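Okay, structure first, notes after.
In what follows, every chain begins at residue 1, and chains take the letters A, B, ... in the order their sequences are listed. Just so you know, these numbers come straight off a predicted model, no measurement behind them.
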Number of protein chains: 2
Amino acid sequence: MCNALTDDELEFLTRAAQRVSLAPGTVFVEEGEKASYFYNINQGNVRLFKSLPDGRRQITGFAGPGYFLGLAAGENNAFSAEAMDHVKLCRFSRASLMAVFEELPVLERKLLDVAMHELVLAQQQMLLLGRKTAIERIASFLLAWAERLEICPAGRLPAPNAVMKLPLSRTDLADYLGLTIETVSRSLSQLKRDGIIDIPNIHEIILTRPRALSEIAEAAV
Amino acid sequence: MCNALTDDELEFLTRAAQRVSLAPGTVFVEEGEKASYFYNINQGNVRLFKSLPDGRRQITGFAGPGYFLGLAAGENNAFSAEAMDHVKLCRFSRASLMAVFEELPVLERKLLDVAMHELVLAQQQMLLLGRKTAIERIASFLLAWAERLEICPAGRLPAPNAVMKLPLSRTDLADYLGLTIETVSRSLSQLKRDGIIDIPNIHEIILTRPRALSEIAEAAV
DNA sequence: CGACCCATTGACGGTGGTCAAGGGCTGTGG
DNA sequence: CCACAGCCCTTGACCACCGTCAATGGGTCG
């Protein structure tokens with residue numbers, strides 16, 4: 001999820017790049033537009049999403065520092081991207097990326113790895129969106145987020161009572177999990193009532209009983 | 001979606017491969033197992049899916065001849081794969097693939113293209129699963145399937161009254177679209193009642209009014 | 001012809017969406 | 001320093017879409 005490239009490779013890569021700084025809320029990739037650029041995020045966070053004409057929105061992922069952006073695109077972008085806070089990133093054209101590949105073939109391998117990992121995450125999310133209940137989605141998300149923050153190694157559970165920052169609005173959460181903000185709120189409240197998590201404030205969650213969370217997330221029988 | 005490699009490249013590639021023949025229903029990739037192989041399908045069709053312990057299933061895609069299989073995997077497979085009919089495929093170890101890359105670097109670029117295209121499809125499916133209603137999912141699927149069968153060019157609508165083979169069971173359809181077979185059936189019936197499609201038999205659909213279908217699929221306002 | 005499987009249709013119920021009111025936090029201005 | 005506005009979150013009441021359960025229909029194969 002985070003930086004898949006070494007500092008050296010990044011340095012080489014960004015030599016061909018433009019540095020860009022974005023205010024919160026800036027939409028810098030528009031779904032359907034010609035896909036001209038790749039991006040590498042240096043600072044800040046970005047949400048990736050698709051929309052329907054009537055305003056329904058599905059967030060397909062979040063991207064933080066080190067994240068490589070622009071893989072889900074053919075001729076045109078398959079998604080939009082919006083800065084969640086103050087974002088700094090490197091932008092380079094698809095053409096210059098091809099040139100970089102000539103110089104640094106290992107990059108191509110790495111990008112393939114990144115793309116493959118994205119695919120793994122996408123399939124996980126499809127299972128979540130297609131087949132899990134509201135509370136299972138919330139539980140799955142909380143554990144996935146803990147892994148992302150490296151509160152625990154991939155595939156392991158966080159320690160009981162681990163504290164986790166959650167710098168997302170309920171709206172973002174809902175649009176990511178295919179729910180409404182009300183359902184997100186209710187599900188979090190239920191987990192709290194059941195003593196599985198605690199919510200000291202809106203942007204912090206304590207994973208009181210990660211094991212119980214995991215049993216809900218994986219629909220253990 | 002279909003063959004992204006030229007015949008020459010395929011021929012080179014398959015020199016390092018084992019040829020395998022599978023009976024219908026054979027599960028030849030198991031989610032969670034060590035990801036040892038890549039596959040290229042020569043004949044027949046395959047469904048890719050993820051499951052929950054209680055039996056809920058999400059089909060993440062279908063793969064036909066020419067399809068390259070095994071990208072959504074890190075250490076372990078992120079999905080299972082099952083032969084839908086009699087399948088012939090080439091199987092080669094990840095190690096030998098790396099060796100092939102040395103000989104034929106263009107393959108690596110092509111695989112990256114394939115992975116990127118898969119990502120585009122995955123994001124489309126996330127929007128469908130997270131935010132579309134039952135009938136919108138069915139409409140979207142029918143149009144996507146028409147593109148897949150090359151009844152129409154990508155991004156264009158099929159001609160009115162185009163006839164389409166649909167060699168999927170209602171169960172497969174339901175598990176792909178995150179619905180139940182009853183809801184799939186009811187939605188198809190409704191589209192038929194509304195004169196938008198016709199269903200001469202279970203495995204054939206006539207796209208009577210593709211424009212109307214598209215307006216439903218894209219939630220046109 | 002009958003058995004079996006799958007799809008369709010109907011009746012009913014539940015999960016989650018919609019609509020609306022209330023609460024808490026933050027920032028601003030008097 | 002307090003008051004108030006505005007925003008977001010929470011909670012409640014109600015409702016609708018879709019899932020569940022069950023009966024029926026149709027096609028295929030023995």
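Residue-level contact check: B:Leu179 touches the backbone only, with heavy atoms under 4.0 Å from sugar-phosphate atoms and none from bases.
B:Asn201 has its CG atom 21 Å from the P atom of D:dG25, to the nearest Å. Here C:dA7 presents its C1' atom at 17 Å from CD of B:Glu204, a figure rounded to the nearest Å. At whole-Å resolution of the value, CD1 in B:Ile202 and P in D:dG25 are 16 Å apart. Following rounding to the nearest Å, B:Gln190 (CD) and C:dT8 (C1') show an atom-to-atom distance of 15 Å. Put simply, CG on B:Leu166 is 14 Å from C1' on C:dC6, counting in whole angstrom units. In this structure, A:Arg56 places its CZ atom 18 Å from P of C:dG16, rounding to the nearest Å. Rounded to whole Å, the distance from CD1 on B:Ile199 to P on D:dG26 is 15 Å. As rounded to whole Å, 8 Å separates atom C1' of D:dC8 from atom CD1 of A:Ile181.
Set against C:dA20, C:dA7, C:dT9, the side chain of A:Glu182 has C:dA20 as its closest nucleotide. Candidate nucleotides D:dC9, C:dT18, C:dG16 were compared by shortest atom distance to the side chain of A:Thr180, and C:dT18 ranks first. You'll find that the side chain of A:Thr133 is closest to C:dG16, out of D:dA22, D:dT11, C:dG16.
Proximity of A:Ser189 to the phosphate of D:dT11: a side-chain N or O atom is located under 4.0 Å from OP1 or OP2. Of the side-chain N and O atoms in A:Thr183, one or more sit less than 4.0 angstrom from OP1 or OP2 of C:dG17. Here A:Arg186 does not reach the OP1 or OP2 of C:dG16: none of its side-chain N or O atoms lies under 4.0 Å away.
Rounded to the nearest 0.5 Å, atoms CG (A:Leu112) and CG (B:Asp113) are 10.5 Å apart.
Comparing A:Lys132 and B:Arg170 by the nucleotide of DNA chain C that holds the closest heavy atom to each, the one mapping nearer the 5' end is B:Arg170.
Ring geometry for B:Phe68 versus B:Phe92: interplanar angle of 30 to 60°, hence tilted. Using cut-offs of 30° and 60° for the angle between ring planes, the A:Trp145 and A:Phe62 rings count as perpendicular.
Put simply, the side chain of A:Glu147 gets close to the backbone of A:Gly155: a donor and an acceptor are under 3.5 Å apart. Remark: the backbone N or O of B:Leu129 is paired with a side-chain donor or acceptor of B:Arg137 at under 3.5 angstrom.
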